[in-house]
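Here's the structure, in structure tokens; my notes come after.
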Amino acid sequence: MVGVCFWVFNIIFMINSCYAKTKDCPEVCSCLGTYVHCGSKKFETIPSNIPSWTTHLILQNNSIKKLTDVNWKHFSELKELILNKNEIVVIPKDAFKYQTQLKILELNRNKLKVIDPLTFKSLEHLSTLKLKRNKINELKDGSFYGLVRIDKLILDYNHLKVISKGWLYGLESLKQLSLSHNYINKIDVDAWEFCKTLFVLDLSYNNLESIEADTFKNLGSLLKLSLNNNNITVITENAFVHLPKLKILNLSNNKIWYTIEDANGVYQGLNDLEKFHLAGNKIKSINADAFVGLKNVSYLNLGNNNITSIQNNAFSEVPILKELVINTTSLICDCNLLWFLDWINLKQFKLQVTICAYPDWLRGQSLIEVTGNLTCDELPKPRLIEEPDPEIMALKGENITLNCKAMSSSLDAMTFLWKKDNIELANSNVLVKSRTEPDGKSTETSSELNLISVNHSDAGKYQCVVSNNYGTTYSQKSAISVLVFPTFIKTPKNITVQAGETAKLECAATGEPSPEIAWHKDGGNDFPAARERRMQVMPYDDVFFIINAKPSDMGVYSCTAHNPAGTVVVNASLTIQEKPSFIKLMEDKEFTSGEHVLKAYRKPTIIWLKDGEAIVRTERHFFIHEDQLVIIVDSVQSDSGMYECHLKNALGEETGRSRIIVKPSK
Ligand SMILES: *[C@@H]1O[C@H](CO)[C@@H](O)[C@H](O)[C@H]1NC(C)=O
Ligand SMILES: *[C@@H]1O[C@H](CO)[C@@H](O)[C@H](O)[C@H]1NC(C)=O
Ligand SMILES: *[C@@H]1O[C@H](CO)[C@@H](O)[C@H](O)[C@H]1NC(C)=O
Ligand SMILES: *[C@@H]1O[C@H](CO)[C@@H](O)[C@H](O)[C@H]1NC(C)=O
Ligand SMILES: *[C@@H]1O[C@H](CO)[C@@H](O)[C@H](O)[C@H]1NC(C)=O
Ligand SMILES: *[C@@H]1O[C@H](CO)[C@@H](O)[C@H](O)[C@H]1NC(C)=O
Ligand SMILES: *[C@@H]1O[C@H](CO)[C@@H](O)[C@H](O)[C@H]1NC(C)=O
Ligand SMILES: *[C@@H]1O[C@H](CO)[C@@H](O)[C@H](O)[C@H]1NC(C)=O
Ligand SMILES: *[C@@H]1O[C@H](CO)[C@@H](O)[C@H](O)[C@H]1NC(C)=O
Ligand SMILES: *[C@@H]1O[C@H](CO)[C@@H](O)[C@H](O)[C@H]1NC(C)=O
Ligand SMILES: *[C@@H]1O[C@H](CO)[C@@H](O)[C@H](O)[C@H]1NC(C)=O
């Protein structure tokens, strides 16, 4: 009996608490469990009577302007807060200070403009943040800092222009970032440093024009990248090597052309790529190397490009291709496409629209239908018959001219453009000369690019691009290097050092490219100091040392500065001198009158003094052995005194003294 009673009590308690909750439900709202729906109620402020037990609060489609109307402190249980379609202008600092349990926050379709730093800092459980269709034009550094568990950040349809590391700071767990329909035209270097776990990145419908080598650096986990509907023309070589895991790349509806028509290796590194969208670009022809590196692509969409030609084996780099979308009405249906038809048959691909535009008698027919009529009698696509050399070296200040000449079997005008490092040269000094063959059957056009007084900024890879209605042809790239003859900025001086000391010779030169410095001794490569490991050439300095110098190091040292523009040489002599020294020290001596006094010393300049006065030559005083020896014959007592010998050379002086006493003879 007692047990049953208890059971009944429990039931009553539960019913009560449940009832209590629904009873608190604000009048116009509807509640279910701890869910409170107050959407589409024309609220201008957040109702003050929302129960504190609410876990999911839907306030969508009202006219709420401020987030400060309510005491958020009460809602510490909140897990989901939907505020889409209101009129919120700012998110005040600490607005969500107490909502540490919040997992989902939606603020789509409000009037936010700026997100301040640390706005969401206490939302450590938030996994989804939606800010779509606001007017956000500025995300301050650290805007999202503190969102340590965030998964998904949606910022589509705002007014953002730049992606910077500053506002991505702290988004270390982010998996999906959506930024489509903004005005993004710049992605900072290292922007993604904090987003290494990103899987999905949507940058479609922005204003990107180029993809640089580091644009996607640090996105090593990315699986899907949407870049469709931007303005992309330039893609730097190896720009995608940072995305080894990417499976889907959407580049549809951009302005891509030469990265497919000409370049090689632009898409290298996308080893895992499976789906590649390139529809709606400016691709006219497909180069044999266009898809190098895309070994795993099974879907390739080239639809909606006016493709005129496809080079032989252009798809050999995509061996497991299962679906190819090509629809063009601009094909040149000639023998160059025979391989393509064979390949299509082999792969059993179904071709969409592929209509010939040329030759005239096949115009409008489907490629499949004209299989038997593909000939190469005419070559309407421009063919280059003259193009610039692959390598050109120019001295700074020179004038350079590059030439391209093309032929076509069609009478259509051919237009030239010149590119430098893949970028079209604007307002360059280009002269186009046009000539039509007299028989009226073909066209020959040439173009000349003049570079006046080249300097370093002109160095690069140049290429001419010639197109007509039937296609585009690219010349080989001509690498121009601009050289500056080497000139010395430091030259070695003639030096004399004492044996045992360190000899230092300096030499430095500038030029373009930086000259290499080499040393020679007496015109050769034999350095005694090198053999004896006493020589040191500093790799990052312009100094050359000989330590513990020896007489064998003496000679003429030549410093050579060399670069492809030329060579300059400067000489310096190194003299090693030994400091004068007494081989035999002078000592005091006693003689007897009449004895001959001898003193012997070594080189160089030698001055003899007696009692401070120079010894002069007399009948009895002789200097021999280049003054090293003084002989006094028939010495007399007055020869006694302090004899001094001064040795002197460029390195120093020595003085020796000896007292001579001449005693009277017995
Ligand atoms: C938004 O709320 C208004 C009433 O305020 C209602 O007429 C309208 O249908 C709602 N729109 C949506 C999409 O719910
Ligand atoms: C796209 O780039 C072209 C120049 O290449 C420019 O004129 C145009 O305004 C750009 N369009 C957009 C939407 O940025
Ligand atoms: C790629 O972009 C095009 C053009 O906007 C779009 O039609 C297509 O659905 C996109 N594909 C994928 C897989 O995102
Ligand atoms: C190629 O794609 C398949 C799935 O289609 C995947 O299983 C495989 O790992 C990929 N291969 C390489 C080398 O990435
Ligand atoms: C190619 O396909 C796209 C859609 O996939 C279409 O909009 C376009 O008109 C087609 N072009 C031709 C020439 O059929
Ligand atoms: C393709 O060619 C057709 C007619 O030749 C032209 O109307 C269309 O604008 C071209 N499309 C592109 C993307 O260049
Ligand atoms: C084109 O091919 C068809 C059948 O393949 C053939 O009957 C016709 O003579 C060919 N036309 C020309 C001009 O070769
Ligand atoms: C380079 O061309 C300019 C302009 O045509 C001319 O004035 C100048 O003398 C030329 N310089 C050389 C080194 O030929
Ligand atoms: C090179 O020449 C261009 C214009 O011809 C000039 O803008 C640039 O400053 C020059 N650069 C140097 C390093 O002299
Ligand atoms: C260096 O010595 C050489 C002879 O070895 C001489 O011809 C030259 O003029 C000297 N140079 C200087 C700057 O004294
Ligand atoms: C520099 O020294 C080398 C080797 O001793 C000699 O051949 C050359 O003529 C010298 N050059 C000058 C400018 O003195």
Side-chain angles (χ1 to χ4, degrees), residues 28-30 37-47 58-65 82-88 106 108-110 130 132-133 154 156-157 176-182 184 199-208 222-232 243 246-256 270 272-284 286 294 297-310 322-333 349-358 363-369 469:
V28 289
C29 303
S30 55
H37 291 256
C38 302
S40 303
K41 296 289 185 270
K42 297 188 176 152
F43 286 133
E44 289 189 2
T45 57
I46 296 174
I58 289 93
L59 285 163
Q60 189 156 314
N61 189 22
N62 285 291
S63 306
I64 297 165
K65 290 182 181 60
I82 310 293
L83 283 159
N84 300 333
K85 211 158 185 263
N86 278 286
E87 290 165 26
I88 299 163
E106 295 187 10
N108 298 336
R109 292 177 186 269
N110 276 282
K130 296 191 180 174
K132 202 155 72 175
R133 289 188 192 272
I154 309 295
D156 304 321
Y157 293 95
Q176 182 185 341
L177 176 61
S178 203
L179 285 159
S180 78
H181 294 274
N182 277 275
I184 294 163
F199 290 153
V200 178
L201 175 60
D202 188 349
L203 288 167
S204 60
Y205 295 90
N206 277 288
N207 294 347
L208 293 169
L222 206 64
L223 299 176
K224 179 173 179 185
L225 175 59
S226 302
L227 290 165
N228 50 292
N229 302 82
N230 276 274
N231 213 358
I232 300 168
L243 307 174
L246 200 69
K247 294 208 181 306
I248 302 173
L249 175 59
N250 198 341
L251 280 167
S252 289
N253 298 342
N254 279 286
K255 290 186 181 155
I256 291 167
L270 293 168
D272 271 11
L273 196 70
E274 290 168 12
K275 296 195 170 157
F276 193 10
H277 298 258
L278 276 166
N281 279 286
K282 304 273 176 216
I283 303 165
K284 275 191 180 171
I286 297 172
L294 301 179
V297 166
S298 58
Y299 173 88
L300 178 59
N301 191 338
L302 291 163
N304 218 9
N305 282 287
N306 278 346
I307 292 169
T308 62
S309 63
I310 305 169
K322 294 190 179 61
E323 195 179 344
L324 173 67
V325 182
I326 285 190
N327 70 348
T328 169
T329 54
S330 306
L331 274 185
I332 302 175
C333 291
F349 282 160
K350 210 170 68 198
L351 269 188
Q352 299 87 343
V353 198
T354 41
I355 308 282
C356 305
Y358 196 91
R363 187 192 303 270
Q365 297 190 57
S366 160
L367 176 63
I368 308 285
E369 291 162 15
N469 286 332

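In each ligand, atom 1 is the first atom listed, and ligand 1 is the first ligand listed. Reckoned from all heavy atoms, side chains included, excluding hydrogens, waters and symmetry mates.
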Original post:
Could you go step by step and tell me if N231 and K255 meet the side-chain hydrogen bond (donor to acceptor under 3.5 Å, both in side chains) rule?
Top reply: CA-CA 6 Å; N231 213 358; K255 290 186 181 155; 2.7 Å; yes

**OP:** For side-chain hydrogen bond (donor to acceptor under 3.5 Å, both in side chains), just list the numbers for N61 and S40, CA-CA rounded to whole Å, side-chain angles, deciding distance to a tenth of an Å, and then say yes or no.
**Re:** CA-CA 5 Å; N61 189 22; S40 303; 2.7 Å; yes

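Remark: the backbone N or O of I283 is not paired with any side-chain donor or acceptor of N281 at under 3.5 angstrom. Between the side chain of N108 and the backbone N or O of K132, at least one donor-acceptor pair lies under 3.5 Å.
Other residues, nucleotides and ligands contribute at most 12 non-hydrogen atoms within 6.0 Å of the NZ atom of K275. The number of heavy atoms from other shown groups lying within 6.0 Å of NZ (K284) is above 12.
Residue N254 comes nearest to I232 through the heavy atom pair OD1-N, 3.0 Å, listed as atom of the first residue, atom of the second, then distance.
The shortest N or O to N or O distance between N327 and ligand 5 is below 3.5 Å. On a distance-only criterion, K41 and ligand 1 share no N/O pair closer than 3.5 Å.
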Tabulation required: pairs of a nitrogen or oxygen in ligand 3 and a protein nitrogen or oxygen under 3.5 Å; columns are atom names and distance to 0.1 Å; otherwise 'none'.
residue, atom, partner, partner atom, Å
ligand 3, 2 (O), N228, ND2, 3.3
ligand 3, 2 (O), N250, OD1, 3.1
ligand 3, 2 (O), N250, ND2, 2.3
ligand 3, 5 (O), N228, ND2, 2.9
ligand 3, 5 (O), N229, OD1, 2.7
ligand 3, 11 (N), N250, ND2, 2.8
ligand 3, 14 (O), N250, ND2, 3.2

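Close approach of ligand 5 to T329 (heavy-atom distance below 4.0 Å) involves ligand atoms 13 (C).
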